[in-house]
Amino acid sequence: MNAAPIQSGRPARLLVHGASGRMGQALLRLAAEDPEVEIVAAVSRSVGQRVIDRIPRFSPSELGGVPPFDVAVDFSLPEGFDGVLSGCLQAGRALVSGTTGLDAAQRSAMEAAARRIPILWSSNFSLGVAVLALLVERAAKALPDWDCDIIETHHKNKRDAPSGTALSLGERVLQSGSQPRYASLRSGDVVGEHSVRFTTSGERIELAHQAGNRDIFAKGALRSAKWLIGRAPGLYGMRDLLD
Ligand SMILES: NC(=O)c1ccc[n+]([C@@H]2O[C@H](COP(=O)([O-])OP(=O)(O)OC[C@H]3O[C@@H](n4cnc5c(N)ncnc54)[C@H](OP(=O)(O)O)[C@@H]3O)[C@@H](O)[C@H]2O)c1
């Protein structure tokens, strides 16, 4: 992995956006154990106590008044993304986002913003899925005439379908000339399962990944945040970090 650009020696100051959610909670818990980071602000729609575990809480409308931060880490919902993007632009600070289900206009806005600040967006921050994507790309290139089916399962509360990860895997397949098909299941509390099947007459290859908990994503996002601070403006992905 590339080393992060040298900083001042103090912990990286993080703003967590979507702090009350499943991912936000995992992020706050892991960040509390990491001496290289300090959470300076936690943002979510519902703000009860103004300070919890010495971390000040803010609503999205208060983003303009948060303490100075080096990087925002966003795991919210599409309706929250525009606010954190403009907050980072106004502050001139880096943004790591794992929010999925963004529409075309939001993706364009992210690309435009990346001309001014460093942004790392990924539909999946797990190392295993990053490697799965490389394997899928390789298989798709070798098997352009085979059928490709991407099957994903997530918990019942997940809003977008197909998942952002399934679409990112599908983009790798599309680049190789095949047209992937998608199937989405929403069941129980499944954290995330992705399976990519290449099928032809008489044989099938299946590449699959199962996420057992959300810490794998939160760890990847924390690593990405530290890596992104001090980088030149641009739109980065997990591949840049792993390369
Ligand atoms: N890239 C990855 O590796 C990865 C992994 C897992 C999940 N995800 C994605 O991460 C996102 C969050 O997932 P989750 O399971 O944590 O969802 P969640 O439990 O529903 O949490 C969503 C969070 O976003 C906040 N929020 C909603 N609307 C907002 C707004 N307009 N402005 C500011 N904050 C807002 C919510 O605040 P309130 O609770 O106060 O409403 C909550 O804190 C989803 O898009 C999911 O697909 C990505």
Side-chain angles (χ1 to χ4, degrees), residues 14-31 39 41-50 52 55 57-66 72-88 95-103 106-107 109-110 119-133 152-169 171 184 186-194 209-225 228 235-239 241-242:
L14 263 58
L15 177 152
V16 174
H17 190 253
S20 59
R22 284 171 284 260
M23 280 306 304
Q25 292 292 303
L27 206 54
L28 291 178
R29 181 169 41 76
L30 289 175
I39 307 285
V43 180
S44 58
R45 274 182 305 193
S46 41
V47 180
Q49 279 174 258
R50 296 306 305 204
I52 302 176
I55 299 170
R57 307 272 163 163
F58 298 89
S59 70
S61 63
E62 296 169 327
L63 259 171
V66 296
V73 184
D74 165 56
F75 283 98
S76 59
L77 296 175
E79 55 264 39
F81 179 79
D82 299 350
V84 71
L85 184 66
S86 76
C88 287
L95 172 64
V96 169
S97 177
T99 298
T100 61
L102 302 179
D103 63 25
Q106 290 177 309
R107 286 178 163 272
M110 179 161 64
I119 300 178
L120 191 153
W121 181 87
S122 175
S123 58
N124 197 305
F125 282 98
S126 99
L127 178 60
V129 165
V131 174
L132 174 70
E152 55 101 349
T153 308
H154 282 86
H155 55 89
K156 284 191 281 198
N157 296 314
K158 183 166 179 64
R159 295 226 308 234
D160 50 323
S163 68
T165 303
L167 293 171
S168 298
L169 292 169
E171 274 169 31
S184 300
R186 295 288 170 263
S187 312
D189 63 353
V190 176
V191 174
E193 297 178 359
H194 293 87
H209 178 269
Q210 295 183 2
N213 60 58
R214 290 184 175 80
D215 286 8
I216 57 172
F217 310 125
K219 280 180 192 161
L222 276 178
R223 193 184 299 163
S224 302
L228 193 62
L235 188 52
Y236 300 93
M238 284 296 277
R239 192 174 248 192
L241 184 141
L242 297 172

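First listed ligand is number 1; within each ligand, the first listed atom is number 1.
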Seminar exercise, completed: For atom 8 (N) of ligand 1, the closest protein heavy atom turns out to be G98 O, 3.7 Å
Exercise. Would you say ligand 1 has an N or O under 3.5 Å from any N or O of T100?
Worked result: yes
For this session: Going by heavy-atom distance to atom 26 (N) of ligand 1, choose the closest among H155, R214, R45, H154.
Result: R45
Exercise. Is any side-chain heavy atom of H154 closer than 4.5 Å to a side-chain heavy atom of R186?
Worked result: yes
For this session: May I ask you to check whether G24 has an N/O atom sitting below 3.5 Å from an N/O atom of ligand 1?
Result: no
For this session: Could you tell me whether S123 approaches ligand 1 through its side chain, its backbone, both or neither, with non-hydrogen atoms closer than 4.0 Å?
Result: backbone
Exercise. With distance as the sole test, does Q106 use its side chain to make a donor-acceptor pair with the main-chain N or O of P78 at under 3.5 Å?
Worked result: yes
For this session: Report yes or no: does T99 contribute a side-chain atom to a donor-acceptor pair with the main-chain N or O of S76 at less than 3.5 Å?
Result: yes
For this session: Have a look at ligand 1 and work out which part of P78, if any, has a heavy atom under 4.0 Å from it: side chain, backbone, both or neither.
Result: neither
For this session: Indicate, as side chain, backbone, both or neither, the part of S163 found under 4.0 angstrom from ligand 1 when only non-hydrogen atoms are considered.
Result: neither
Exercise. Does G101 come within less than 4.0 angstrom of ligand 1, counting non-hydrogen atoms of the residue?
Worked result: no
Seminar exercise, completed: If we number the atoms of ligand 1 from 1 as shown, the ones under 4.0 Å from a heavy atom of K158 are 47 (O)
Exercise. Any idea which atoms of ligand 1 are less than 4.0 Å away from a heavy-atom of G18?
Worked result: 23 (C), 24 (O), 25 (C), 43 (O)
For this session: May I ask you to test the L95-H17 pair for a side-chain heavy-atom distance under 4.5 Å?
Result: no
Exercise. Which ligand 1 atoms, with their elements, are less than 4.0 angstrom from a heavy-atom of N124?
Worked result: 1 (N), 2 (C), 3 (O)
Exercise. Can you check side chain to side chain contact (heavy atoms under 4.5 Å, CB included) on F125 and L241, steps first, answer last?
Worked result: CA-CA 11 Å; F125 282 98; L241 184 141; over 6 Å; no
Problem set entry | Numbering as shown, the atoms of ligand 1 that approach G21 to under 4.0 Å (heavy-atom distance) | 16 (O), 18 (P), 19 (O), 21 (O), 42 (C), 43 (O)
Problem set entry | Main-chain N/O of G98 paired to S122 side chain as donor or acceptor, under 3.5 Å | no
Exercise. Among all protein non-hydrogen atoms, which one is nearest to atom 38 (P) of ligand 1, and what is the separation to 0.1 Å?
Worked result: S20 OG, 3.3 Å
Seminar exercise, completed: Nearest non-hydrogen protein atom to atom 3 (O) of ligand 1, with distance, is F125 N, 2.9 Å
Exercise. In the protein, what heavy atom is nearest to atom 30 (C) of ligand 1, and what distance, to one decimal place, separates them?
Worked result: G80 CA, 3.4 Å
Exercise. At a 4.0 Å threshold, what atoms of ligand 1 neighbour a non-hydrogen atom of S44?
Worked result: 37 (O), 40 (O), 43 (O)
Exercise. Hey, mind stepping through L63 and L15 against side chain to side chain contact (heavy atoms under 4.5 Å, CB included) and telling me if it holds?
Worked result: CA-CA 10 Å; L63 259 171; L15 177 152; 3.9 Å; yes
Exercise. Against heavy atoms of A19, which atoms of ligand 1 measure under 4.0 Å?
Worked result: 43 (O)
For this session: Show which atoms of ligand 1 fall inside a sub-4.0 Å distance from at least one heavy-atom site of P60.
Result: 32 (N), 33 (C)
Exercise. Numbering the atoms of ligand 1 from 1, which are under 4.0 Å from a heavy atom of S46?
Worked result: 38 (P), 39 (O), 40 (O)
Seminar exercise, completed: of all protein heavy atoms, closest to atom 4 (C) of ligand 1 is F75 CE2, 3.7 Å
Problem set entry | Side-chain heavy-atom pair W121, R107 within 4.5 angstrom cut-off | yes
Problem set entry | Test item: L169 and N124 side chains (from C-beta on) under 4.5 Å apart, heavy atoms | no
Exercise. Under 4.0 Å from ligand 1, counting heavy atoms only, is it the side chain of R159, its backbone, both or neither?
Worked result: neither
Problem set entry | H194 backbone acceptor or donor facing Q210 side chain under 3.5 Å | no
For this session: Kindly indicate whether the side chain of V73, heavy atoms from C-beta on, has any atom under 4.5 Å from the side chain of L222.
Result: no
For this session: Could you tell me whether some N/O pair between M23 and ligand 1 is separated by less than 3.5 angstrom?
Result: yes
For this session: Pick whichever of H17, Q25, R22, E79 has a heavy atom sitting closest to atom 14 (P) of ligand 1.
Result: R22
Exercise. So do the side chains of R22 and N157 get within less than 4.5 Å of each other, counting heavy atoms only?
Worked result: yes
For this session: For ligand 1, find out whether one of its N or O atoms is nearer than 3.5 Å to an N or O atom of V43.
Result: no
For this session: Decide yes or no for D74 and L85: does some side-chain heavy atom of the first lie under 4.5 Å from some side-chain heavy atom of the second?
Result: no
Exercise. For S163, does its backbone N or O pair with a side-chain atom of E152 as donor and acceptor, under 3.5 Å?
Worked result: yes
Exercise. Is there side-chain contact between V84 and V43, with at least one heavy-atom pair below 4.5 Å?
Worked result: no
For this session: Would you mind checking which non-hydrogen protein atom is closest to atom 24 (O) of ligand 1, with the distance to 0.1 Å?
Result: S76 CA, 3.2 Å
